[in-house]
Amino acid sequence: MFFIGMIVGMHVGYTIRVIMRAENPASYDPPTGVRQMLSTLTFPAWGSIFIWGFINLPWYVVIIWFLICALVITPIVFQKIPLAKIFYYKPHSEALLLLLGILVWV
């Protein structure tokens, strides 16, 4: 779950960066209600997965996996992908990240 959580966390984090670098950020519909709560909880969930990794795995495994995730996710997210395709699945990715952040500690 740690490895999947790190990949999903990178994806969610980079998706937020795509929003901030968008040519027309006004075209992005900001989340409301439950979606806003999910977006707010994603960083603590990803951080808890990262901390769990340092506590339960050798430190070099966490660092190497972080770098692998960055090398895999960065080109995928930062290509000229229409924002509508990325954000269609964004709530699903955020909910999965939150679930993995909880399950990794159980």
Please list, one pair per line, the donor and acceptor atoms closer than 3.5 Å that link side chains of residues 99-106 to other protein atoms, with sequence neighbours excluded.
| from | atom 1 | to | atom 2 | distance (Å) |
| --- | --- | --- | --- | --- |
| Trp105 | NE1 | Ser48 | O | 3.4 |

Donor-acceptor contacts under 3.5 Å from residues 59-70 side chains, at least two apart:
| from | atom 1 | to | atom 2 | distance (Å) |
| --- | --- | --- | --- | --- |
| Trp65 | NE1 | Phe3 | O | 3.1 |

- Task: Indicate the ring-plane relationship of Trp46 and Phe43, choosing parallel, tilted or perpendicular according to the 30° and 60° boundaries.
- Result: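 Correct class here is tilted.
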- Message: Let me confirm one number: the CD1-CG distance from Ile49 to Leu97, rounded to the nearest 0.5 Å.
- Response: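 These two atoms lie 5.0 Å from each other.
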